[in-house]
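Here is the structure we will look at, set down as structure tokens.
Only this structure's heavy atoms are used, side chains among them; waters, hydrogens and symmetry mates stay out.
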Amino acid sequence: MLSFSQPITPAIKAHLDAQYSLIADMSQKVFETAQRINDLNMQVIKSALEESFSSAQQVIVARDPYEALSIAAANAQPQAERIREYQQNLNNIAARTQVDLAKTAESHFPNTSRTAAAVADEVARKATEETEKATSRQKAAMEKFTSPIERPDDVKGQAPRPSA
């Protein structure tokens, strides 16, 4: 049986290395996605602030409330378009990330599968060895239990001496 007190075998080490490599590459892809989303958010915030300041300046210099209202209404349509563009960019990032993660997993699959099979074979071999050891110990115990107990003062074929 495998336990933590036993040293890590080459098969287990290879499988752990393969798993670590997969996790590291997947983490890198997720980090890159977070960077792309952060960059997009910073771009949108910068653009929104610039447009808000520009609109505010136009509203401030408006000659009457109707002109100010007209300026504000004219800026509503471009804002809706920017929100749609932002959503589209997020969808593109999500789709790209999904493809990247799938490719990464696919590239690691052969090695990870091979090392997992090696670990499974090793576990099966160890289990068989331990089962054989346990069976031989049980067999020896049963033989001890079922064999007659011999005492040094007993002689075969004679009745035991009465105690005085």
Side-chain angles (χ1 to χ4, degrees), residues 1-52 76 78-164:
M1 188 161 132
L2 293 176
S3 69
F4 291 111
S5 63
Q6 295 178 348
I8 294 179
T9 64
I12 293 174
K13 183 177 181 335
H15 186 63
L16 291 174
D17 289 343
Q19 290 292 316
Y20 174 79
S21 178
L22 171 64
I23 291 169
D25 286 353
M26 293 291 244
S27 296
Q28 182 64 34
K29 297 300 178 190
V30 170
F31 180 75
E32 289 170 3
T33 298
Q35 278 185 311
R36 286 193 294 269
I37 291 172
N38 186 51
D39 291 345
L40 175 64
N41 286 340
M42 294 303 288
Q43 179 185 8
V44 167
I45 290 170
K46 181 181 175 186
S47 174
L49 285 174
E50 288 172 355
E51 291 171 13
S52 293
Q79 290 294 350
E81 181 62 26
R82 280 182 207 72
I83 290 171
R84 189 199 61 74
E85 287 175 18
Y86 176 75
Q87 290 172 336
Q88 183 63 41
N89 285 332
L90 281 178
N91 288 338
N92 290 341
I93 290 171
R96 180 176 173 188
T97 300
Q98 187 175 10
V99 168
D100 288 347
L101 290 175
K103 284 180 181 179
T104 300
E106 185 179 334
S107 72
H108 286 274
F109 182 76
N111 188 36
T112 304
S113 295
R114 181 183 51 76
T115 59
V119 169
D121 290 345
E122 183 175 328
V123 168
R125 182 183 55 77
K126 287 266 191 191
T128 301
E129 289 174 5
E130 292 298 322
T131 301
E132 289 172 0
K133 287 178 186 176
T135 302
S136 67
R137 285 192 302 265
Q138 287 176 349
K139 186 177 179 182
M142 286 302 288
E143 286 175 1
K144 265 184 157 178
F145 180 72
T146 58
S147 68
I149 300 174
E150 295 184 18
R151 291 185 293 207
D153 59 339
D154 284 347
V155 178
K156 292 185 181 182
Q158 291 183 352
R161 288 188 238 163
S163 43

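- In this structure, the side chain of Thr115 engages the main chain of Thr112 through a donor-acceptor pair within 3.5 Å.
- Note that CD of Gln28 and CG of Asp100 are 11.0 Å apart. Values are rounded to the nearest 0.5 Å.
- Under the salt bridge (Lys or Arg N to Asp or Glu O under 4.0 Å) criterion, the residue pairs touching residues 16-27 are Lys13-Asp17, with sequence neighbours excluded.
- Pairs engaging residues 102-117 under the salt bridge (Lys or Arg N to Asp or Glu O under 4.0 Å) rule: none recorded [sequence neighbours left out].
- Under the 3.5 Å distance criterion, the side-chain polar atoms of Ser136 are matched with a main-chain donor or acceptor of Lys133.
- Applying the 6.0 Å contact sphere to CD of Gln98 captures no more than 12 heavy atoms from other residues, nucleotides or ligands.
- A side-chain donor-acceptor contact under 3.5 Å links His15 to the backbone of Ala116.
- For the residue pair Ser21 and His108, the shortest heavy atom distance occurs at OG-CE1, 2.9 Å.
- The backbone N or O of Gln43 lies less than 3.5 Å from no partner atom in the side chain of Ser47, so there is not a single donor-acceptor pair.
- To the nearest 0.5 Å, atom CZ of residue Arg96 and atom OG1 of residue Thr33 are 8.0 Å apart.
- Taking CD from Gln35 and CD1 from Ile93, the interatomic distance works out to 11.5 Å, rounded to the nearest 0.5 Å.
- One finds a salt bridge joining Arg125 and Glu129 here, because a Lys/Arg side-chain nitrogen approaches an Asp/Glu carboxylate oxygen to under 4.0 Å.
- A distance of 3.5 Å separates CD1 in Ile12 from OG1 in Thr9, rounded to the nearest 0.5 Å.
- Contact annotation: the side chain of Asn89 never approaches that of Arg36 to less than 4.5 Å [non-hydrogen atoms, C-beta and beyond].
- In this structure the side chain of Thr97 never reaches within 4.5 angstrom of the side chain of Lys29, judged on heavy atoms.
- Of the listed residues (Asp39, Leu40, Asn38), just one forms a side chain to side chain contact (heavy atoms under 4.5 Å, CB included) with Met42, and that residue is Asn38.
- Between Asn41 and Tyr86, the closest side-chain pair of non-hydrogen atoms falls below 4.5 Å.
- Using a cut-off of 4.0 Å between Lys/Arg side-chain N and Asp/Glu carboxylate O, Glu85 and Arg82 are scored as not salt-bridged.
- Contact record, Leu22 with Ala105: CD1-CA, 4.1 Å, taken as the closest heavy-atom pair.
- Here CD of Glu81 is found 10.5 Å from CD of Gln88. Values are rounded to the nearest 0.5 Å.
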